[in-house]
Trainee: 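First the structure, which I've put down as structure tokens, then a few questions once you've had a look.
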Amino acid sequence: MKKYSAFSLLKNALSYHENWQKVWRSPTPKKDYDVIVVGGGGHGLATAYYLAKVHGVTNIAVIEKGYLGGGNTARNTTIIRSNYLWDEAAQLYDLSLKLWEGLSQELNYNVMFSQRGVLNLGHNLQDMRDIERRVNANRLNGIDGEVVSPERIKEIAPLINISRDSRYPILGASWQPRGGTARHDAVAWGYARGADALGVDLIQQTEVTGIRRKDGAVVGVETSNGFIGARKVACVTAGNSGVVAAMAGLRLPVESRPLQALVSEPVKPCLDTVVMSNAVHGYISQSDKGDLVIGAGVDSYNGYGQRGSFNVVEHTIQAICELFPAFSRVRMNRQWGGIVDTCPDACPIISKTSVQGLYFNCGWGTGGFKATPGSGYVFADTVANDRPHPLAAAFNIDRFNTGALIDEHGAAGVAH
Amino acid sequence: MLLIHCPHCQEHRDEEEFSYGGEAHIVRPLEPEALNDQEWGDYLFFRTNSRGIHHEMWYHAIGCRRYFNATRNTVTYEILETYKTGTQPRVTGDSL
């Protein structure tokens with residue numbers, strides 16, 4: 001892999017940028033792999049990258065039914081933070097945040113990680129009590145955070161309406177300065193390029209249609225392009241996890257539902273932070289292009305259609321217009337939905353299964369993007385060593401039978 | 001936006017009048033205390049999460065305030081039938 005640098009930019013400028021090396025190969029699948037990762041989104045590509053980089057497993061294929069990073073990686077609102085309430089979740093998301101902080105250098109690919117800070121607004125007394133509790137818990141876990149007043153919020157985001165007479169009065173917020181946003185596509189592409197350089201085969205336009213087992217152990221996957229053998233199969237298929245699990249005769253405690261987002265026409269820079277509000281169900285930031293990126297709620301019912309209900313968008317826009325009256329004249333450009341696999345406790349499943357050699361990383365629900373590096377890191381370790389990574393142990397699928405749930409509905413940001 | 005036919009009210013109404021009740025036909029164990037952790041967890045949390053034909057409960061919250069079941073395609077969102085709780089669906093995954 002040729003390294004990207006100012007020098008390489010200059011050199012390629014001399015040939016009118018027509019001779020850049022391809023970012024990754026398009027290999028023909030081999031007959032057999034040590035590990036097959038099902039799903040070529042951010043989490044799957046990160047898993048393959050860390051398997052190759054940290055654990056020296058390079059005989060890997062990532063099998064993707066569409067194109068790399070074309071599912072939820074391309075459909076989220078790119079918010080990154082680690083201010084989760086419980087120790088287990090906070091440590092997992094903060095590992096991820098620490099990896100984000102060095103990711104562009106690690107991958108030699110600009111993921112445009114911008115630590116512009118994240119505000120979580122409180123609109124009533126109970127919101128503020130929860131925020132104080134969560135910020136205190138974060139600080140005990142070594143995660144930055146503070147409770148800020150409406151006046152401080154106004155300094156951070158001047159367009160916000162902090163009038164006590166508004167429909168959703170703002171009483172305060174939690175503020176995590178290390179949080180921010182990143183460029184969603186770049187994360188997938190950066191991991192894909194890094195994994196490819198380490199010898200991982202990225203196989204696109206190939207759908208896994210079955211998981212072949214023998215004597216209770218995985219032997220490979222059936223695909224739309226024939227059978228491919230593997231000693232281990234790691235499934236990272238987000239909204240379709242239930243479908244893939246059924247191929248191995250398993251059921252998961254997840255339900256798949258559309259989560260919507262929308263962007264406005266590009267406007268001049270006016271919001272240089274991320275504002276989230278659980279109570280009114282809106283979150284908003286401004287992309288580098290200038291579009292306002294707005295996240296809406298999740299549909300109340302199961303669905304695999306990558307769109308969402310109109311009333312959910314309407315509800316979010318009402319709240320955004322109340323919080324930012326100036327945005328009421330901004331026109332919306334595009335709206336879409338991604339299928340999120342939600343767990344009953346709003347925490348992911350990173351786990352071995354009852355089938356030997358079959359692993360699942362799913363259930364990230366409405367908040368998977370921020371976890372991309374950490375998720376890949378601990379899942380790669382889990383797959384390579386056939387035992388949970390210490391930070392993944394609490395996210396075992398067994399917790400739904402033992403009752404050791406990790407209730408992060410409050411910090412997850414989107415009710416589901 | 002779904003238009004849902006309530007089998008009690010005998011009317012098509014907007015989805016905002018309804019709330020979702022999750023997968024239908026999950027039978028509550030008659031003796032919960034006799035179940036082990038595995039069986040109880042499976043009953044509480046594990047779902048088929050069908051991609052395609054799905055039988056699910058709906059509650060007519062701003063209406064007759066009664067539960068009923070629907071058979072819906074979770075990819076196209078087409079509602080194939082709605083039927084009263086306690087009755088069986090006419091459309092199933094096998095019948096299509």
Side-chain angles (χ1 to χ4, degrees), chain A residues 65 207 237-247 249-258 260 298-315 337 339-347 349 353-354 362-363 365 396-405 415-416, chain B residues 1-6 13-27 29 32-33 35-63 67-80 82 93-94:
Chain A
K65 72 172 175 179
E207 184 171 356
T237 48
N240 279 306
S241 292
V243 179
V244 178
M247 292 174 191
L250 301 174
R251 270 155 65 97
L252 296 172
V254 298
E255 294 199 305
S256 297
R257 296 179 178 186
Q260 290 183 84
V298 66
D299 274 9
S300 68
Y301 47 86
N302 291 13
Y304 286 87
Q306 286 174 318
R307 54 191 184 275
S309 298
F310 182 73
N311 56 321
V312 174
V313 178
E314 191 180 22
H315 182 66
I339 305 307
V340 297
D341 42 336
T342 55
C343 270
D345 61 353
C347 271
I349 297 165
T353 63
S354 55
C362 63
N396 201 293
I397 196 167
D398 289 348
R399 74 177 189 272
F400 296 97
N401 294 110
T402 63
L405 303 185
H416 59 257
Chain B
M1 189 68 91
L2 304 178
L3 270 182
I4 302 172
H5 182 261
C6 173
R13 306 294 294 179
D14 188 289
E15 74 173 73
E16 281 189 274
E17 290 192 10
F18 300 85
S19 62
Y20 190 59
E23 190 174 333
H25 305 296
I26 295 174
V27 181
E33 65 277 12
L35 266 52
N36 61 29
D37 286 354
Q38 193 68 37
E39 292 162 336
W40 182 243
D42 288 354
Y43 160 71
L44 275 186
F45 297 123
F46 286 73
R47 299 290 179 262
T48 43
N49 197 20
S50 321
R51 184 185 173 109
I53 300 300
H54 192 234
H55 304 293
E56 55 195 18
M57 296 187 286
W58 285 87
Y59 175 58
H60 198 176
I62 311 173
Y67 273 95
F68 60 92
N69 293 335
T71 303
R72 187 172 58 93
N73 185 322
T74 56
V75 179
T76 63
Y77 294 179
E78 184 188 0
I79 296 171
L80 299 157
T82 56
D94 301 329

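Each chain gets a letter, A, B and so on, in the order its sequence line appears, and its residues count up from 1. Below, each value reflects all heavy atoms present in this structure, side chains not excepted, and no hydrogens, waters or symmetry copies.
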Trainee: How close do Asn311(A) and Glu16(B) get, heavy atom to heavy atom, and via which atoms?
Mentor: ND2-CG, 3.2 Å
Trainee: Taking side chain as everything from C-beta outward and backbone as N, CA, C, O, which of these in Thr76(B) sits under 4.5 Å from a heavy atom of chain A? Side chain, backbone, both or neither.
Mentor: backbone
Trainee: Ignoring hydrogens, what is the shortest heavy-atom contact between Ile53(B) and Ser50(B)? Give both atom names and the distance.
Mentor: O-CB, 3.3 Å
Trainee: Checking Leu35(B) now: which residues fulfil side-chain contact (heavy atoms from CB on, under 4.5 Å) with it, not counting sequence neighbours?
Mentor: Pro29(B), Glu39(B), Trp40(B)
Trainee: With side chains defined as the heavy atoms from C-beta onward, is the minimum distance between Ile349(A) and Pro253(A) less than 4.5 Å?
Mentor: yes
Trainee: Sequence neighbours excluded, which residues qualify as side-chain contact (heavy atoms from CB on, under 4.5 Å) partners of Pro258(A)?
Mentor: Asp299(A), Ile339(A), Tyr77(B)
Trainee: What part of Asp42(B) is in contact with chain A, defined as an atom under 4.5 angstrom from a non-hydrogen atom: side chain, backbone, both or neither?
Mentor: both
Trainee: Tell me, for Val254(A) versus chain B, whether the close heavy atoms (under 4.5 Å) come from the side chain, the backbone, both or neither.
Mentor: both
Trainee: Within the supplied structure, the quantity of interest is the number of heavy atoms (other residues, nucleotides, ligands) at a distance under 6.0 Å from Tyr43(B) OH; does it exceed 12?
Mentor: yes
Trainee: Quick check for you: among Arg72(B), Arg51(B), Gln38(B), which has the greatest number of heavy-atom pairs under 4.5 Å with chain A?
Mentor: Arg51(B)
Trainee: Which of the residues Gly239(A), Gly305(A), Gly242(A) is involved in the greatest number of heavy-atom pairs with chain B at under 4.5 angstrom?
Mentor: Gly305(A)
Trainee: Relative to chain B, which segment of Arg307(A) carries a heavy atom at a distance below 4.5 Å: side chain, backbone, both, or neither?
Mentor: both
Trainee: Let me know if Leu250(A) has heavy atoms under 4.5 Å from chain B in its side chain, its backbone, both or neither.
Mentor: neither
Trainee: Given a strict heavy-atom distance threshold of 4.5 Å, which part of Asn240(A) is in contact with chain B: side chain, backbone, both, or neither?
Mentor: side chain
